[in-house]
2 protein chains.
Amino acid sequence: MTREVASSKDEKARQPVVAVFVVIFTVHEQKLKVLLIRRDIEPFRGWWAIPGGRLGTGEPLDEAAARKLVEETGVRDVYLEQLYTFGDLDRTASAGAVAIGYFALVDYDSVSLPTREEWPTAWFSLDGLPELAFNNKGVLDYALRRLRYKLEYTNVAYSLLPPYFTMSQLQTVYESILGRSLDKRNFRKRILALGIVTPTEKTVLFGAHRPAKLYTFSSRQPQII
Amino acid sequence: MTREVASSKDEKARQPVVAVFVVIFTVHEQKLKVLLIRRDIEPFRGWWAIPGGRLGTGEPLDEAAARKLVEETGVRDVYLEQLYTFGDLDRTASAGAVAIGYFALVDYDSVSLPTREEWPTAWFSLDGLPELAFNNKGVLDYALRRLRYKLEYTNVAYSLLPPYFTMSQLQTVYESILGRSLDKRNFRKRILALGIVTPTEKTVLFGAHRPAKLYTFSSRQPQII
DNA sequence: TCAAAAGTGTTGTTTATACACCCATGT
DNA sequence: ACATGGGTGTATAAACAACACTTTTGA
């Protein structure tokens with residue numbers, strides 16, 4: 001999967017190395033989390049980093065990103081958007097390196113992390129990040145800013161929740177991403193007015209309190225609202 | 001400047017070709033215009049296209065975009081933003097091609113187009129475009145959408161106007177980009193409330209009518225407002 | 001009967017929109 | 001005096017923000 005960067009030294013034209021990486025977000029236990037991978041080669045061996053790899057020859061960018069996402073989480077058909085292209089992530093690649101970043105939103109419970117010895121992955125809260133390889137911290141900050149914007153004017157939250165969910169769960173998703181608490185009444189009013197969710201007849205019982213009505217997203221395709 | 005794409009055939013690893021292109025917008029004669037270049041090689045020889053070229057070895061992306069911009073317009077230090085990275089613009093490059101698109105906003109009067117026989121450039125109104133090479137029409141549509149969004153919540157219009165300008169000139173810029181006319185009073189009110197421009201003591205006389213007050217941008221750095 | 005989360009309306013403030021006339025100047 | 005673009009205010013509607021109590025359930 002990951003060819004040696006050094007192989008480019010053989011080439012005449014010294015074309016840049018092209019990589020694709022994916023910032024994978026989820027919301028779990030009222031926290032926004034991101035999937036990181038521990039590097040098993042230099043540079044930055046042993047450091048945590050955003051998962052990614054080489055672009056395959058002739059491979060479309062979106063497919064490469066979706067492939068990485070499946071490799072690391074097993075999920076497909078989730079919200080996946082191109083984030084930014086970085087030209088200087090890896091200064092050690094003598095021929096220059098271009099890294100095309102994506103970000104994805106996944107429902108925590110639909111993910112199954114790969115079990116392997118090398119290149120282990122784990123979820124990290126955004127407020128408890130380890131020190132990251134390259135300038136990956138800056139990339140995450142940028143991804144988070146984009147996600148916060150998107151949340152305001154699209155329905156992408158669908159990609160962070162199961163098919164049926166309560167209004168409170170939805171609100172938790174918004175609060176975890178925006179990093180602040182929202183007024184319950186205003187939140188419901190706004191979400192319902194936008195029409196991005198549809199109430200169902202079903203309810204669900206968590207504990208010793210009134211059962212909650214279940215909702216579904218009116219559309220599970222990305223939409224600007 | 002433009003090496004043969006075919007040269008990549010010699011390489012062992014078949015790394016993708018990496019190109020950078022720049023959608024250069026301006027407003028002139030109450031029209032939003034874009035700078036196009038006529039291709040002088042195959043594929044699409046003789047067709048109009050968005051100006052661009054190979055990324056230099058080890059060259060940072062932003063510098064490559066700024067370099068292209070200077071080559072084609074002579075201007076520097078204008079608003080220049082990464083737009084999107086396309087993986088499939090040029091299907092003829094057998095090893096795959098990655099093209100990183102930028103968009104720039106320039107003041108028409110500060111541009112001097114290069115005079116040369118080959119690869120001529122010209123301004124085109126967005127409502128009078130020729131048929132374009134590759135999927136460049138789609139790229140332009142995307143760039144225009146981004147520009148329209150940006151206009152609403154940033155001060156990037158500064159990059160389309162000279163240091164001193166009238167409120168009408170500013171309104172023309174907005175109208176040309178948004179593609180609809182705006183109410184004069186509401187426009188002034190909003191722009192002044194946002195504080196992105198500062199009135200000066202100077203006025204200017206165009207013709208047989210009341211002189212117009214000149215404004216400057218409060219900041220000529222991109223700002224979110 | 002108590003604890004815990006679900007659910008529900010009203011009011012005030014801010015923001016956006018629609019709309020028409022007078023002003024300063026050159027010819 | 002007239003043609004031309006510059007400049008100004010008000011009223012209505014819509015969106016947003018602040019805020020507290022009742023309901024249903026399990027223990």
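Throughout, protein chains are lettered first and strands after them, A, B, ... in sequence-line order, and every chain is numbered starting at 1.
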- Does OP1 or OP2 of C/dA5 have a side-chain N or O of A/Ser168 closer than 4.0 Å? no

- Query: Under 4.0 Å between a side-chain N/O of A/Arg188 and OP1 or OP2 of C/dG7, yes or no?
  - Reply: yes

- Task: Specify the separation, in whole Å, of atom OH of B/Tyr215 and atom C1' of D/dG7.
- Result: 9 Å

- Kindly indicate whether the side chain of B/Lys189 and the base of D/dT10 share any N or O donor-acceptor pair separated by less than 3.5 Å? yes

- Message: Classify A/Lys213 by what it touches in the nucleic acid, base, sugar-phosphate, or nothing, heavy-atom distance under 4.0 Å.
- Response: sugar-phosphate

- A/Leu192 CG to C/dG9 P: how many Å, rounded? 12 Å

- Query: In whole angstroms, how far is the P atom of C/dT27 from the CG atom of B/Leu205?
  - Reply: 10 Å

- Query: Rounding to a whole Å, what distance do you find between B/Arg185:CZ and D/dG9:P?
  - Reply: 11 Å

- Task: Mind calculating the distance between CG (A/Asn186) and P (C/dG12) to the nearest angstrom?
- Result: 16 Å

- Polar side chain donor-acceptor pair, B/Thr198 to B/Thr216, under 3.5 angstrom: no

- Task: Could you tell me the separation between the CZ atom of A/Phe187 and the P atom of D/dA18, rounded to a whole number of Å?
- Result: 16 Å

- Assess whether salt bridge (charged side-chain N to carboxylate O under 4.0 Å, His left out) is satisfied between A/Arg45 and A/Glu118, documenting all intermediate values. CA-CA 11 Å; A/Arg45 182 193 290 260; A/Glu118 301 179 339; over 6 Å; no

- Message: Within the 3.5 Å criterion, strictly below it, is a donor on B/Tyr149 or B/Arg145 matched to an acceptor on the partner's side chain?
- Response: no

- Message: Given C/dA6, D/dG26, C/dG9, identify the nucleotide with an atom nearest to the side chain of A/Lys184.
- Response: C/dA6

- Item | Whole-Å gap separating P (D/dA15) and CD1 (A/Ile191) | 15 Å

- Residue mapping more 5' on DNA chain D - nearest nucleotide basis, A/Gly207 or B/Thr203: B/Thr203

- A/Asp183 CG - C/dG7 P separation (whole Å): 15 Å

- Task: Go through the steps to decide whether B/Asp141 and B/Lys137 satisfy the test salt bridge (charged side-chain N to carboxylate O under 4.0 Å, His left out), and finish with yes or no.
- Result: CA-CA 6 Å; B/Asp141 290 343; B/Lys137 180 63 169 66; 3.0 Å; yes

- The reported gap from OG in B/Ser176 to NE2 in B/His28 (rounded to nearest 0.5 angstrom) is 11.5 Å

- Item | Under 3.5 Å donor-acceptor pair, A/Arg190 side-chain atoms to D/dA17 base atoms | no

